[in-house]
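Before any comments, here is the structure.
Chain naming here is simple, since letters A, B, ... match the order of the sequence lines and numbering starts at 1 in each. This is a predicted model, so every value here is computed, not measured.
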Amino acid sequence: MSVQVGQELPELVKHPTTRQLVQYAGAQGDFYEIHYDQAYAKSVALPGVILHGLLKAAFLGQLVTDWLGDRGRLSTFEVSYRGVDMPGHPYRCRGRITSVDGANVGLEVWGEDENGKRTTVGTATVEMSS
Amino acid sequence: MSTTTSVIDRLRARVGVDGPAVTATVEAGHLKRFVDAIGDPNPRWRQEVPPTFLVALAPVSLHLAEAEEYGKGWLNGGNRFEYFVPVMVGDQITARGRVADVYEKEGSSGNLLFIIFETDYTNQKGDLVARLRGTAIRR
């Protein structure tokens, strides 16, 4: 499979649930209440419990590693969280190739809510194997 | 605003100072719980850790108690990972974290405090395997 600027990665749609947030809280060891306690989340002016930023990062990481497979290795991966996402709503992970310089390939990646708003944006660089 | 100013000053005094090192072994069971939680079925992650696993292995995001005097909640602003060596089950990873920068910014609904963290991860051979830069925000 050739790699060209502008090419889109096969999209990955996730369906996070409150149960998954609890599962992730345990696996990461992040027990901040905004991810599982509705009353607490509302007390700090959130609409309800929200996804961990790093869970969204993990989804975007999967987008990249699913696409890359064993054709190369991930060198850098960066995400910025621009908006909150709630469980019970689909989360679409998308990406596109932005640069190809020899074996080094640059990607932009983003996560969209169901209204198409990019709540997480990021970049990745990969080094393709020869 | 003397309270918030002093919080910022105290945090700034820690910039560049390494926190205590945390060492942990990558266990197959923990890795499985993590990949189940993120919902990534790739069999590669039975032996090798996926891109964001290191934050779960040795949490060093240093939810600084003193920063909690500022604002009412934490937000994660972003994370940047650099990867040098794959991390495998059985590796013993040491994380060394530090505060890299502290600054205040005016947001649309009040001031925000930004704390930039850096963590270096080394394996049992002393090789730097990854580096993480994170932005924690108090709002």
Side-chain angles (χ1 to χ4, degrees), chain A residues 12-17 19-35 40-41 43-46 50-66 68-70 73-84 91 120-127, chain B residues 22 24 27 29-45 48-63 68 71-87 95 107 109-110 114 129-139:
Chain A
L12 175 70
V13 182
K14 291 289 196 170
H15 298 276
T17 58
R19 180 191 179 93
Q20 184 174 24
L21 301 194
V22 172
Q23 209 180 350
Y24 185 77
Q28 198 212 302
D30 176 349
F31 295 104
Y32 191 26
E33 292 84 348
I34 61 171
H35 304 299
Y40 184 91
S43 79
V44 292
L46 291 169
I50 62 168
L51 270 62
H52 298 74
L54 279 159
L55 178 58
K56 297 193 279 184
F59 293 163
L60 289 168
Q62 182 184 347
L63 172 85
V64 175
T65 53
D66 278 356
L68 183 62
D70 58 4
R73 68 169 208 99
L74 186 61
S75 312
T76 67
F77 176 50
E78 175 170 24
V79 290
S80 295
Y81 310 109
R82 299 286 173 80
V84 298
Y91 188 75
T120 309
V121 297
T123 61
T125 55
V126 302
E127 194 185 325
Chain B
V22 178
E27 292 165 358
H30 182 205
L31 180 57
K32 182 177 188 306
R33 286 204 311 281
F34 184 87
V35 297
D36 285 350
I38 65 173
D40 184 342
N42 192 336
R44 175 177 170 185
W45 311 136
E48 185 184 344
V49 311
T52 61
F53 177 78
L54 288 172
V55 294
L57 183 65
V60 284
S61 59
L62 318 166
H63 270 189
E68 295 188 352
K72 59 178 186 263
W74 287 100
L75 283 180
N76 186 349
N79 298 98
R80 181 178 201 280
F81 296 86
E82 273 181 278
Y83 306 101
F84 306 105
V85 178
V87 175
S109 56
F114 285 71
V129 295
R131 178 172 283 158
L132 170 64
R133 197 173 164 92
T135 304
I137 303 171
R138 284 297 295 178
R139 56 184 269 276

Between A/A45 and B/R139, what is the shortest heavy-atom contact and its length?
CB-NH2, 3.7 Å
With only heavy atoms counted, which part of A/L55 is less than 4.5 Å from chain B, the side chain, the backbone, both or neither?
side chain
Which atoms of A/I34 approach chain B - backbone, side chain, both or neither, heavy atom under 4.5 Å:
side chain
Heavy-atom neighbours of B/R44 CZ exceed 12 at 6.0 Å:
yes
Going by the angle between their ring planes, with limits at 30° and 60°, are B/Y83 and B/F81 parallel, tilted or perpendicular?
parallel
With respect to chain A, which residue among B/P51, B/G73, B/P86, B/G77 yields the maximal number of heavy-atom pairs within a distance under 4.5 Å?
B/G77
Shorter than 4.5 Å, heavy atoms on both sides: which option in A/A57, A/A58, A/A27, A/S43 has the most such pairs with chain B?
A/A27
Before you tell me yes or no, could you show the steps for A/L54 and A/D30 under side chain to side chain contact (heavy atoms under 4.5 Å, CB included), namely the whole-Å CA-CA distance, both residues' side-chain angles and the distance that decides it to 0.1 Å?
CA-CA 10 Å; A/L54 279 159; A/D30 176 349; over 6 Å; no
As an exercise: rank B/I137, B/D36, B/L75 by heavy-atom pairs under 4.5 Å with chain A and give me the winner.
B/D36
Please check if the side chain of A/Y40 supplies one atom and the backbone of A/E33 the other of a donor-acceptor pair under 3.5 Å.
no
Side chain from CB out, backbone as N, CA, C, O: work out which of these in B/R131 comes under 4.5 Å of a heavy atom of chain A, or both, or neither.
neither
Top contributor to chain B contacts, counting heavy-atom pairs under 4.5 Å, from A/G26, A/G61, A/S75:
A/S75
Correct closest heavy-atom pair for B/W45 and B/V49 would be CZ3-O, 3.5 Å
Under 4.5 Å to a heavy atom of chain A? For B/F53 that would be neither
What's the shortest heavy-atom distance between B/N76 and A/Y81, and which atoms?
O-CD1, 3.0 Å
Side chain / backbone / both / neither for B/N42 at chain A, heavy atoms under 4.5 Å:
side chain
Does the Lys NZ or Arg CZ of B/R138 fall within the cation-pi geometry relative to B/W74 - under 6.0 Å from the ring centre and within 45° of the axis?
yes
Using non-hydrogen atoms and a 4.5 Å limit, figure out which bit of A/A25 sits close to chain B: side chain, backbone, both or neither.
neither
Heavy-atom proximity to chain B below 4.5 Å, by part of A/R19
neither
Quick check on A/D66 against chain B: is it the side chain, the backbone, both or neither that has a heavy atom closer than 4.5 Å?
side chain
What is the ring orientation for A/Y24 with A/H52, classed by angle as parallel under 30°, tilted 30 to 60°, or perpendicular over 60°?
perpendicular
Between A/K14, A/E78, A/Q20, A/R82, who has the most heavy-atom pairs with chain B when the cutoff is under 4.5 Å?
A/E78
Side chain, backbone, both or neither: which part of B/R133 has an atom under 4.5 Å from a heavy atom of chain A?
neither
Please test A/T120 against A/F59 for side chain to side chain contact (heavy atoms under 4.5 Å, CB included), starting from the C-alpha separation and ending with a verdict.
CA-CA 11 Å; A/T120 309; A/F59 293 163; over 6 Å; no
Please state whether the side chain, the backbone, both or neither of A/K56 comes within less than 4.5 Å of a heavy atom of chain B.
neither
